[in-house]
> 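Before anything else, here's the structure in question.
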2 protein chains.
Amino acid sequence: MSSQLDDFKELLRNSGNSVTLPRLAVFEVLTKHEALSMQELYQRLAGQIDRATLYRVIELFEELEIVHRINLGWKYKIELAETFTGHHHHLTCLGCGTVVPINESKLEDFTKQVASEHNFRASRHQFEIQGYCAKCQAKD
Amino acid sequence: MSSQLDDFKELLRNSGNSVTLPRLAVFEVLTKHEALSMQELYQRLAGQIDRATLYRVIELFEELEIVHRINLGWKYKIELAETFTGHHHHLTCLGCGTVVPINESKLEDFTKQVASEHNFRASRHQFEIQGYCAKCQAKD
DNA sequence: TTACTTTTGCAAATTTGTCGCAATTAATGC
DNA sequence: GCATTAATTGCGACAAATTTGCAAAAGTAA
């Protein structure tokens, strides 16, 4: 049986990349959290790796589709990609910041259809709903 | 009959904000373009206003929902909000940055349904497709 | 026009993301 | 294991993007 960690290492090796300490560290932090900003990620790594390295690692992880960026207004956060988490879209609470993953396969077909109507080749899509969770609604 | 410009001025006044030259200038530029980055916006304003002011104006416009940001991977662009343009989503080209608005009412119902399933009160949603436009596909 | 409040421009500080390069670490063949 | 080779890292310097304090200028209301 193969663990997520093994899948990750294999993915690196198969693409001609080394399995290094910084890469393992970043991956480990990501498996423990829903979605993190660069800031948060850097802080969680607590001096284990350099900031420039973090950016380079995330850049590589994106190419290999190990992670994705999700956008929240000005900012973005990093999270593990579908291969590792199995979901795609999000409901985010404007009150407390909670991110709830949602899985909506209907959107896949929808995306393809819209893209082809405009002669685009869609390589990714993003669907985000922002609002207030039950708890935050209760506070009002 | 009220113009977009009048609506805009009223919106500012009703919220206790002044109608100033910089604000008018930014609004005018935005009415003339689909979606602009801060860079582009600043350049279009050609020295009419300071960079810091631009950021402050955009911040205010966002609060008043005069504009919103649309996300393109790492980056974002500014565009007039639904009140002024009619609610829409986007197809963005990862090659050249072109933004094509799409209007998909199906998503409204969809959003409501998903939100209620999770006991969320949805206040806004965002649907973005990223890919390559016909021109950029041809370049490969 | 005056008196009062808000907004702006400027300059400086932060924050965020990049780059080149020498030192270090991982992978490979023995 | 050990040496060789290639990939990766950390560091310091940059560059770009965004924020802040404050005095001067512009907008508002009477």
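Throughout, protein chains are lettered first and strands after them, A, B, ... in sequence-line order, and every chain is numbered starting at 1.
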> Given atom NZ of A/Lys9 and atom C1' of C/dA26, what is their separation to the nearest angstrom?
13 Å
> Taking OP1 and OP2 of D/dA17, is either one under 4.0 Å from a side-chain nitrogen or oxygen of B/Gln39?
yes
> B/Glu40: what forms a salt bridge (Lys or Arg N to Asp or Glu O under 4.0 Å) with it, not counting sequence neighbours?
B/Lys77
> Return a table of donor-acceptor pairs under 3.5 angstrom between the side chains of residues 43-54 of chain B and protein atoms on other chains or two or more places apart.
unit_1: B/Gln48; atom_1: NE2; unit_2: B/Leu45; atom_2: O; d: 3.3
unit_1: B/Asp50; atom_1: OD2; unit_2: B/Ala52; atom_2: N; d: 2.9

> Between A/Leu12 (CG) and C/dA27 (C1'), how many Å, whole number?
13 Å
> Parallel, tilted or perpendicular: which describes the rings of A/Phe8 and A/Phe61, with under 30° parallel and over 60° perpendicular?
perpendicular
> Tell me which residues in residues 18-27 of chain B put a heavy atom below 4.0 Å from DNA chain C, sorted by number, or none.
B/Ser18, B/Thr20, B/Pro22, B/Arg23
> Once you round it to whole Å, what is the distance between P of D/dT19 and CD1 of B/Ile58?
12 Å
> Quick one: the side chain of B/Arg13 and the base of D/dG27, do they pair up donor-acceptor inside 3.5 Å?
no
> Please report, rounded to the nearest Å, how far the P atom of D/dA16 is from the CE atom of B/Met38.
17 Å
> Report yes if at least one side-chain N or O of A/Tyr55 is closer than 4.0 Å to OP1 or OP2 of C/dT18; otherwise report no.
no
> Separation of B/Arg51 atom CZ from C/dT15 atom P, in whole Å?
19 Å
> Enumerate, atom names and distances included, each donor-acceptor pair closer than 3.5 Å involving a side-chain atom of residues 25-32 of chain B, sequence neighbours excluded.
unit_1: B/Glu28; atom_1: OE2; unit_2: B/Lys32; atom_2: NZ; d: 2.8
unit_1: B/Thr31; atom_1: OG1; unit_2: B/Glu28; atom_2: O; d: 2.6

> May I have the distance from B/Asn17 (atom CG) to C/dT8 (atom C1'), rounded to whole angstrom?
14 Å
> Classify the ring geometry between B/His125 and B/His89 as parallel (under 30°), tilted (30 to 60°) or perpendicular (over 60°).
tilted
> Over how many whole Å does the gap from B/Leu41 atom CG to D/dT18 atom C1' extend?
14 Å
> Could you say whether B/Asp50 or A/Asp50 is positioned toward the 5' end of DNA chain D, judged by the nucleotide with the nearest heavy atom to each?
A/Asp50
> Once ring-ring contact (aromatic ring centres under 6.0 Å, His included) is applied, do any residues pair with B/His68, and if so which ones, sequence neighbours excluded?
none
> Round to the nearest Å and state the distance from A/Glu62 atom CD to C/dG17 atom P.
12 Å
> Just to verify, what does B/Thr20 make a side-chain contact (heavy atoms from CB on, under 4.5 Å) with, not counting sequence neighbours?
B/Ser18, B/Pro22, B/Arg23
